[in-house]
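What follows is a short report on a single structure.
The figures that follow rest on heavy atoms only: side chains count, while hydrogens, waters and symmetry mates do not.
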Amino acid sequence: SLLISFIQFLGICLVGKIIVIIYEKKFNDITISNFYFYFPIIGTYALLFLVYLFINIGIGKLAIYTFAYLIFTLGVINIFFLKKYIINIKLKNFKFSHISLLIIVIYLGLFFISASPITHADSLDYHVSGSINLINFGKFHNEILPMHNHLVSIGEIIIALGLVFKAEQLGSIVQFSSLLSLIPIFNKRKINNNFILLFILITPITIFLISSPKPQLLYSIATLHIFAFLVNFEKINNVNLKLIFPVVFLILALNGLVKYLEFFTRGYTL
């Protein structure tokens with residue numbers, strides 16, 4: 001289960017890399033070496049958008065199985081490039097110190113937590129059952145009962161992609177990967193911000209969310225990235241804005257659907 005989850009995760013990373021390569025041709029200031037940490041988030045949002053689109057046009061079951069096998073195949077291919085990824089990752093702006101080593105140890109610990117089986121009661125209840133429902137029927141729950149199944153939304157799509165292969169850890173590993181994208185945020189400046197990164201990693205809510213595939217942590221961090229983008233808004237030229245803003249609005253829309261809007265956008269049948 002864990003091995004398959006990791007292979008599918010590598011497939012998601014490869015999807016993210018392909019998207020970055022496409023966008024690299026449109027942005028002169030983007031280099032792939034600076035985007036290794038963002039591949040999982042980019043790949044995840046691409047899959048969420050596509051599968052959600054297919055669910056709404058009535059071919060959700062086919063889409064879930066197709067993309068589950070696709071990311072598994074891409075993951076197998078990506079294994080051959082994994083060594084190259086590790087060698088080429090540039091951490092020249094990451095100031096190694098005792099705190100840096102502590103952060104690395106904490107990341108390893110968080111990964112092992114995310115790689116553990118699902119134990120949260122609500123995750124075993126409607127998160128997993130909702131994902132299984134997506135696999136079996138290719139659509140979201142639209143009956144009145146049970147009421148808690150109406151909380152299932154696009155966040156469970158990633159869990160469903162893993163459960164196609166009975167790989168329950170995929171959702172948690174994807175959640176963990178979002179924490180890696182914090183490294184470029186807090187270490188791209190000359191000021192050492194490792195203390196802030198360390199504080200985020202050891203916060204109890206982070207440990208709680210990383211131990212579950214609940215669709216929360218990754219989407220919160222994606223929103224943080226958008227906030228960081230808006231803070232540096234004046235540094236972005238008008239040509240890039242035409243391509244960036246649609247992506248920003250799409251991410252925020254998907255974040256809204258993860259928890260809040262899905263309950264109101266689906267109809268119910270007696």
Side-chain angles (χ1 to χ4, degrees), residues 1-22 32-33 35-52 54 60-89 104 107-120 123-124 127-128 130-132 134-136 138 154-181 183 209-215 217-219 221-222:
S1 174
L2 176 59
L3 178 60
I4 294 176
S5 296
F6 187 72
I7 292 175
Q8 286 187 298
F9 168 72
L10 292 179
I12 294 174
C13 292
L14 187 54
V15 172
K17 180 179 180 180
I18 293 172
I19 295 174
V20 170
I21 290 175
I22 295 174
I32 294 180
S33 60
F35 270 75
Y36 280 101
F37 297 110
Y38 298 102
F39 289 166
I41 291 182
I42 296 172
T44 298
Y45 272 96
L47 290 171
L48 288 176
F49 174 73
L50 291 174
V51 176
Y52 183 69
F54 287 127
K61 185 175 181 179
L62 175 62
I64 290 173
Y65 276 93
T66 300
F67 282 104
Y69 280 94
L70 175 63
I71 62 174
F72 180 81
T73 304
L74 292 176
V76 173
I77 296 174
N78 207 11
I79 290 176
F80 297 100
F81 300 100
L82 185 59
K83 182 179 179 181
K84 183 179 178 180
Y85 285 172
I86 296 174
I87 294 175
N88 291 338
I89 289 178
I104 293 174
Y107 267 116
L108 288 175
L110 292 174
F111 171 76
F112 286 121
I113 293 175
S114 68
S116 61
I118 301 174
T119 56
H120 289 219
S123 296
L124 291 170
H127 290 293
V128 172
S131 301
I132 294 174
L134 283 174
I135 295 173
N136 292 333
I154 65 173
E156 279 69 29
I157 289 176
I158 296 298
I159 304 175
L161 294 178
L163 290 180
V164 168
F165 293 96
K166 299 182 180 180
E168 59 181 293
Q169 289 94 347
L170 178 62
S172 300
I173 292 177
V174 169
Q175 296 270 72
F176 161 78
S177 68
S178 64
L179 292 174
L180 296 175
S181 67
I183 295 176
L209 293 177
I210 209 67
S211 63
S212 166
K214 297 176 183 178
L217 184 61
L218 180 140
Y219 310 95
I221 291 180

Verdict with reasoning, Leu62 to Phe54, per side chain to side chain contact (heavy atoms under 4.5 Å, CB included): CA-CA 9 Å; Leu62 175 62; Phe54 287 127; over 6 Å; no
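- Note that the CD1 atom of Ile42 and the CD1 atom of Ile19 stand 7.0 Å from one another [nearest 0.5 Å].
- Considering all non-hydrogen atoms of both residues, Ser116 and Ile113 come closest at OG-O, 2.5 Å.
- Other residues, nucleotides and ligands contribute more than 12 heavy atoms inside 6.0 Å of the OH atom of Tyr65.
- The six-membered or imidazole ring of Tyr52 lies away from that of Phe49, with a centre-to-centre distance of 6.0 Å or more.
- At a threshold of 4.5 Å between non-hydrogen side-chain atoms, the residues Leu70 and Phe67 count as touching.
- Side chains of Phe6 and Leu170 form no contact here, defined as non-hydrogen atoms less than 4.5 Å apart.
- For the atom pair Leu180 CG and Leu110 CG, the distance stands at 9.5 Å (nearest 0.5 Å).
- Note that the CG atom of Leu134 and the NZ atom of Lys61 stand 12.0 Å from one another [nearest 0.5 Å].
- The shortest non-hydrogen separation linking Val15 to Ala46 is CG1-CB, 4.3 Å.
- Residues Leu48 and Tyr219 form a side-chain contact, since some pair of their non-hydrogen atoms from C-beta on lies under 4.5 Å apart.
- The CD1 atom of Ile183 sits 10.0 Å away from atom OH of Tyr38, with the distance rounded to the nearest 0.5 Å.
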Side chain to side chain contact (heavy atoms under 4.5 Å, CB included) assessment of Val51 paired with Ile158: CA-CA 10 Å; Val51 176; Ile158 296 298; over 6 Å; no
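- The shortest side-chain heavy-atom distance between Leu14 and Phe39 does not fall under the 4.5 Å cut-off.
- Closest non-hydrogen pair, Ser172 versus Pro213, comes out as OG-N, 3.3 Å.
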Steps toward side chain to side chain contact (heavy atoms under 4.5 Å, CB included) verdict (His120, Ser211): CA-CA 8 Å; His120 289 219; Ser211 63; 2.9 Å; yes
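- Atom CD1 of Ile210 is separated from atom CG of Leu217 by 5.0 Å, given to the nearest 0.5 angstrom.
- Here the rule is side chain to side chain contact (heavy atoms under 4.5 Å, CB included) with Ile7, and of Val76, Asn78, Thr73 only Val76 fits it.
- Counting heavy atoms from C-beta on, the side chains of Leu74 and Leu10 never come closer than 4.5 Å.
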Step-by-step side chain to side chain contact (heavy atoms under 4.5 Å, CB included) determination, Ile221 to Ser181: CA-CA 8 Å; Ile221 291 180; Ser181 67; 3.5 Å; yes
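- Judged as a side chain to side chain donor-acceptor pair (under 3.5 Å), the pairs with a partner in residues 160-170 (not counting sequence neighbours) are, in order, Ser1-Gln169.
- Heavy atoms only, all atoms of each residue included: Ser123 and Ile118 are closest at CB-CG2, 3.6 Å.
- Tyr69 places no side-chain N or O within donor-acceptor distance of the main-chain N or O of Val164, the cut-off being under 3.5 Å.
- Once rounded to the nearest 0.5 Å, the distance linking SG of Cys13 with OH of Tyr36 reads 11.5 Å.
- Judged purely by atom type and a 3.5 angstrom limit, Glu156 has no side-chain atom pairing as donor or acceptor with the backbone of Val128.
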